[in-house]
Amino acid sequence: MAQTIKSNSPHSQAHKELLAKQASHADDQIQLVEHYTFIDLLEDDIEPELDIYTEGWNSKSVNPFKEADVPDTEVIDVTGHFMPCPGFITSNYGYRRKFGRMHKGVDLKINSNDTIYAAFDGKVRLTAYERKGYGYYIILRHPNGLETVYGHLNKHLVKPDQVVRAGEPIALGGSTGRSTGPHLHFETRFMGYAINPCAIFDFENQTTHTDTYTFNKKSFTQPRNYAPVKSRQVAKKSTKKSTKTSTASKASSKSSASKSTAKSTASKSKATTKTTAKTPAKTTKKTAKKA
């Protein structure tokens with residue numbers, strides 16, 4: 001019975017001839033087949049990985065996703081990160097009553113034209129300009145499912161569809177768009193949901209809190225604390241301050257009460273003295289009349 005060997009070489013005539021000469025019997029002849037029949041069957045049984053660069057890829061919107069497609073929870077790998085800039089937070093994530101809207105990222109301190117870096121490996125989905133908002137901005141999409149947004153830039157150093165590595169320079173920071181001074185507006189999004197960047201990154205220590213972040217539709221706006229010990233120390237300091245304030249307040253109250261009592265006593269003493277002083281005078285007058 002003839003054996004069949006599959007070859008992925010497009011030029012295998014020489015191989016055919018060599019194998020034919022080596023065969024001692026016709027039944028043992030080896031035939032080359034330029035197919036991937038068996039391999040194709042295997043690949044058909046394996047579900048391909050989701051191509052994260054297709055969903056809303058060509059959209060000009062910061063959020064191209066549909067709510068129905070977003071899972072309630074998702075574990076996201078945040079290893080291999082790089083801090084977008086070394087600056088500290090100047091404005092936190094959260095609702096702004098003054099403007100009546102959410103601040104969907106954090107503002108990080110930079111100087112004009114400081115280098116801005118890719119937070120994770122990924123691909124540039126969008127580079128654009130928005131006069132009344134982000135100014136010059138970049139959106140990167142990452143294999144871990146996140147998208148990161150970098151706003152108020154002076155200059156783009158990358159182009160759409162360009163592959164970037166974590167820590168690769170992508171822009172020069174600035175103050176374009178709606179901005180009052182040089183800073184980087186930095187967002188972390190999962191399928192359109194603007195996650196609090198402080199839930200993933202510890203900007204004070206320039207790292208991530210943990211190797212994974214669990215996205216949850218109910219808690220994605222909440223920050224996380226990287227150093228519980230430090231948190232307890234802060235809590236103790238806060239408690240001590242509260243205790244000191246409370247003690248000082250009580251002492252102040254007691255002092256005020258003592259002063260009030262002293263004033264009251266002094267007033268009564270004065271009143272008694274005046275009464276005492278007036279009484280002899282009246283008596284003298286009456287005595288004088290009788291005389």
Side-chain angles (χ1 to χ4, degrees), residues 62-63 65 70-111 114-122 133-134 137-153 166-167 170-171 173 177-238:
V62 173
N63 178 12
F65 299 95
V70 185
D72 290 333
T73 61
E74 182 77 14
V75 178
I76 300 170
D77 181 2
V78 293
T79 56
H81 73 282
F82 195 92
M83 302 305 288
C85 70
F88 56 86
I89 294 177
T90 58
S91 183
N92 280 302
Y93 172 102
Y95 184 73
R96 296 289 182 267
R97 289 185 180 180
K98 182 178 179 180
F99 303 105
R101 64 174 183 272
M102 278 289 291
H103 183 231
K104 295 182 178 180
V106 293
D107 291 344
L108 302 171
K109 173 64 178 174
I110 62 166
N111 294 315
D114 276 356
T115 304
I116 307 302
Y117 305 93
F120 301 98
D121 291 349
Y134 292 103
Y137 67 98
I138 292 172
I139 300 178
L140 303 183
R141 186 172 290 185
H142 310 286
N144 60 8
L146 290 176
E147 284 195 333
T148 49
V149 183
Y150 311 77
H152 305 303
L153 309 171
I170 58 171
R178 189 186 292 275
S179 173
T180 56
H183 70 278
L184 172 67
H185 175 79
F186 178 65
E187 296 183 14
T188 48
R189 289 176 175 260
F190 175 69
M191 298 191 75
Y193 274 73
I195 299 167
N196 188 334
C198 292
I200 298 174
F201 293 95
D202 174 13
F203 291 97
E204 183 177 353
N205 294 298
Q206 295 288 290
T207 186
T208 52
H209 294 301
T210 49
D211 288 342
T212 61
Y213 166 72
T214 301
F215 166 80
N216 188 305
K217 283 184 176 180
K218 295 180 180 179
S219 61
F220 69 94
T221 61
Q222 302 302 314
R224 287 196 296 169
N225 189 356
Y226 179 75
V229 174
K230 186 174 181 180
S231 177
R232 286 196 292 272
Q233 290 173 349
V234 171
K236 283 181 181 178
K237 286 182 181 179
S238 179

Min side-chain heavy-atom separation I89-C198 under 4.5 Å: yes
OG1-NE2 distance between T90 and H183, expressed to the nearest 0.5 angstrom: 6.5 Å
Straight-line distance of D121 CG to H142 NE2, nearest 0.5 Å: 9.0 Å
Side-chain (K217) to main-chain (V70) donor-acceptor, under 3.5 angstrom: yes
Validation row: D114, C85 side chains within 4.5 angstrom (heavy atoms): no
Shortest non-hydrogen separation from A166 to H81 and the atoms involved: CB-C, 4.5 Å
Donor + acceptor pair across side chains of T79, D77 (<3.5 Å): yes
Distance in Å, F82 CZ paired with T208 OG1, rounded so as to fall on 0.5 Å steps: 13.0 Å
For the student: nearest non-hydrogen atoms of I138 and L140, plus distance: CG2-CD2, 3.7 Å
R96 to S91 - nearest heavy-atom pair and separation: NH2-OG, 2.9 Å
Point-to-point distance, once rounded to the nearest 0.5 Å, from OH of Y95 to NZ of K104: 12.0 Å
Which atom of M83 lies closest to which atom of T207, heavy atoms considered: SD-N, 3.8 Å
Of T212, T188, T148, I76, the residue whose pairing with I200 passes side chain to side chain contact (heavy atoms under 4.5 Å, CB included): T188
Interatomic spacing from OG1 in T73 to NZ in K218 - rounded to 0.5 Å: 10.5 Å
Distance-only polar pair, side chains of Y134 and E187, donor-acceptor under 3.5 Å: yes
Residues Y137, Y150; criterion ring pair (Phe, Tyr, Trp, His ring centres under 6.0 Å); working and verdict: CA-CA 5 Å; Y137 67 98; Y150 311 77; over 10 Å; no
Closest contact, heavy atoms only, N196 versus T221: ND2-O, 3.1 Å
Non-hydrogen atoms of L184 and G151 that approach each other most closely: CD1-O, 3.8 Å
Parallel, tilted or perpendicular: rings of F120 and F201 (30°, 60°): tilted
Pairing residues for Y213 by the ring pair (Phe, Tyr, Trp, His ring centres under 6.0 Å) criterion, not counting sequence neighbours: none
Nearest-0.5 Å distance that lies between atom NE2 in H103 and atom NZ in K98: 13.0 Å
Flag, side chain of R224 to backbone of A199, donor-acceptor distance under 3.5 Å: yes
Option among Y193, F190, Y93 that satisfies the ring-ring contact (aromatic ring centres under 6.0 Å, His included) test with F220: Y193
S179 side chain near H185 side chain, heavy-atom distance below 4.5 Å: no
